[in-house]
Amino acid sequence: MPELPEVEVVRRGLAAHAVGRTVAGVEVLHPRAVRRHTPGPADFAARLEGRTPTAALRRGKYMWLALDDGSMLLAHLGMSGQMLVQPQGKPDEKHLRVRLPLSDGNELRFVDQRTFGHLMVDVPGERADVPASVDHIALDPLDAEFVPEAFVRALRARDTEVKRALLDQSLISGVGNIYADEALWRSGLHGRRGTRGLTRAQATELLGHVRDVMTEALAVGGTTFDGLYVNVNGESGYFARGLNAYGREDRPCGRCASPIVRESFMNRSSFSCPSCQRPPRRSRTA
DNA sequence: AGTGCTACCTGGAAGC
DNA sequence: TGCTTCCAGGTAGCAC
């Protein structure tokens, strides 16, 4: 499940293996992969063919290739998306959705089992260097322009639950279910705590843990791609190690040994320590 | 305006 | 063994 660190690994791979090559062809094998490109697959292909990426950029979980005509190839990996650079002629992956042969003999492949991810050709939005479709996405905590104090202020001004806020990409981007649970565990906060009840110190500490957990995962994830194979695979690397809460139901908390509990939250699972992360005494909305 | 809920999708795991 | 059901979760769009 790609969150910010995994997407950053892929961005680096694209910077190394796609930038500077010209798109020699476009093959959309599954139309759903370009569903956000509203003019359709044929237009998608026409806008890409002959273009040359000049840079690989990212905000939160979105990444894009800046193209030599000022447009952008925007990609979101969704739940299961992968961007691969493979030699042309190598057998197709089972869930190959889009193929982009490049001028150097390799090809960019978008592989996505669950098809929550997508590609589109976009135009610049409010800022010339960010696609219009990414305008509504907040800066991520690893962005040089991210202002911690502004985030802390915005978080405390929200009237919602703290985990919900962490997952809100218009407040802070790049955080998904896994790193939200990990940052909350490190902070000793239950995800159902209200944002209004957080002190400035608590909010600042939480942000610090978000940054730390992402930075640590990036350091591990960075080892998963080598050579021409640019991989983002949620199962590899960071998944196996370093997680203190996510996916650890019934296993002992690393701080107090209480069994980690799983709760349903926003139609997904939340993992927390019942002792270190006390739930709010009453529902926020009660 | 801001918050919250749900559809979208596939295949491996778990249940019977 | 083979079938059915559950589960994973990021995001847009819509309901309230």
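Chain A is the first sequence line, chain B the second, and so forth, proteins listed ahead of strands; every chain is numbered from 1.
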Let me have the donor-acceptor pairs involving side chains of residues 143-150 of chain A, under 3.5 Å, with sequence neighbours excluded, atom names and distances please.
{"from": "A/Asp143", "atom 1": "OD1", "to": "A/Glu145", "atom 2": "N", "distance (Å)": "2.8"}
{"from": "A/Glu145", "atom 1": "OE1", "to": "A/Arg127", "atom 2": "NH1", "distance (Å)": "3.2"}

Show me the donor-acceptor pairs, under 3.5 Å and distance only, between side chains in residues 37-57 of chain A and residues at least two apart or in other chains.
{"from": "A/His37", "atom 1": "ND1", "to": "A/Val121", "atom 2": "N", "distance (Å)": "3.1"}
{"from": "A/His37", "atom 1": "ND1", "to": "A/Val121", "atom 2": "O", "distance (Å)": "3.4"}
{"from": "A/His37", "atom 1": "NE2", "to": "A/Asp43", "atom 2": "OD2", "distance (Å)": "2.8"}
{"from": "A/His37", "atom 1": "NE2", "to": "A/Phe44", "atom 2": "N", "distance (Å)": "3.4"}
{"from": "A/Asp43", "atom 1": "OD1", "to": "A/Arg47", "atom 2": "NE", "distance (Å)": "3.4"}
{"from": "A/Asp43", "atom 1": "OD2", "to": "A/Arg47", "atom 2": "NE", "distance (Å)": "2.6"}
{"from": "A/Arg51", "atom 1": "NE", "to": "A/Asp68", "atom 2": "OD1", "distance (Å)": "2.6"}
{"from": "A/Thr52", "atom 1": "OG1", "to": "A/Thr22", "atom 2": "OG1", "distance (Å)": "2.8"}
{"from": "A/Thr54", "atom 1": "OG1", "to": "A/Ala66", "atom 2": "O", "distance (Å)": "3.3"}

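Heavy-atom contacts from other residues, nucleotides or ligands closer than 6.0 Å to CZ of A/Arg196 number more than 12.
In terms of position on DNA chain B, the residue among A/Thr115 and A/Met266 whose nearest nucleotide sits closer to the 5' end is A/Met266.
Over its length, the helix from B/dG2-C/dC16 to B/dC16-C/dG2 turns its helix axis by 50°, as judged from the five terminal pairs at each end, rounded to 10°.
Residues satisfying the salt bridge (Lys or Arg N to Asp or Glu O under 4.0 Å) criterion with A/Glu8, sequence neighbours excluded, are A/Arg11, A/Arg12, A/Arg58. Shown here are the side chain to side chain contact (heavy atoms under 4.5 Å, CB included) partners of A/Arg99, two or more places apart in sequence or in another chain: A/Glu27, A/Leu29, A/Asp92, A/Leu96, A/Pro101, A/Glu107, A/Arg109. Taking A/Tyr62 as the reference, A/His76 meet the ring pair (Phe, Tyr, Trp, His ring centres under 6.0 Å) condition, with sequence neighbours excluded. For A/Lys163, the salt bridge (Lys or Arg N to Asp or Glu O under 4.0 Å) criterion is met by A/Asp181, not counting sequence neighbours.
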message: Return a single string for nucleotides 5-10 of chain C, one symbol per nucleotide in 5' to 3' order, where B is base contact, S is sugar-phosphate-only contact and - is none, cutoff 4.0 angstrom on heavy atoms.
response: ---BBB
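If you chain together ILVMFWY residues whose side-chain heavy atoms come under 4.5 Å of each other, A/Met266 ends up grouped with A/Leu167, A/Phe265.
Residue pairs meeting the salt bridge (charged side-chain N to carboxylate O under 4.0 Å, His left out) criterion with at least one member in residues 246-261 of chain A, sequence neighbours excluded: A/Glu249-A/Arg262. Every pair tested for ring-ring contact (aromatic ring centres under 6.0 Å, His included) that includes a residue from residues 88-144 of chain A fails, sequence neighbours excluded, so the list is empty.
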For nucleotides 12-16 of chain C, tabulate all protein N/O to nucleotide N/O atom pairs closer than 3.5 Å, reporting atom names and distance.
{"from": "C/dA12", "atom 1": "OP1", "to": "A/Tyr62", "atom 2": "OH", "distance (Å)": "2.7"}
{"from": "C/dA12", "atom 1": "OP1", "to": "A/His136", "atom 2": "NE2", "distance (Å)": "3.4"}
{"from": "C/dA12", "atom 1": "OP2", "to": "A/His136", "atom 2": "NE2", "distance (Å)": "3.3"}
{"from": "C/dA12", "atom 1": "O3'", "to": "A/Arg36", "atom 2": "NH1", "distance (Å)": "3.3"}

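For B/dT10, the OP1/OP2 oxygens have no side-chain nitrogen or oxygen of A/Lys94 closer than 4.0 Å. Remark: A/His95 is in phosphate contact with B/dG11, judged by side-chain N or O atoms under 4.0 Å from OP1 or OP2.
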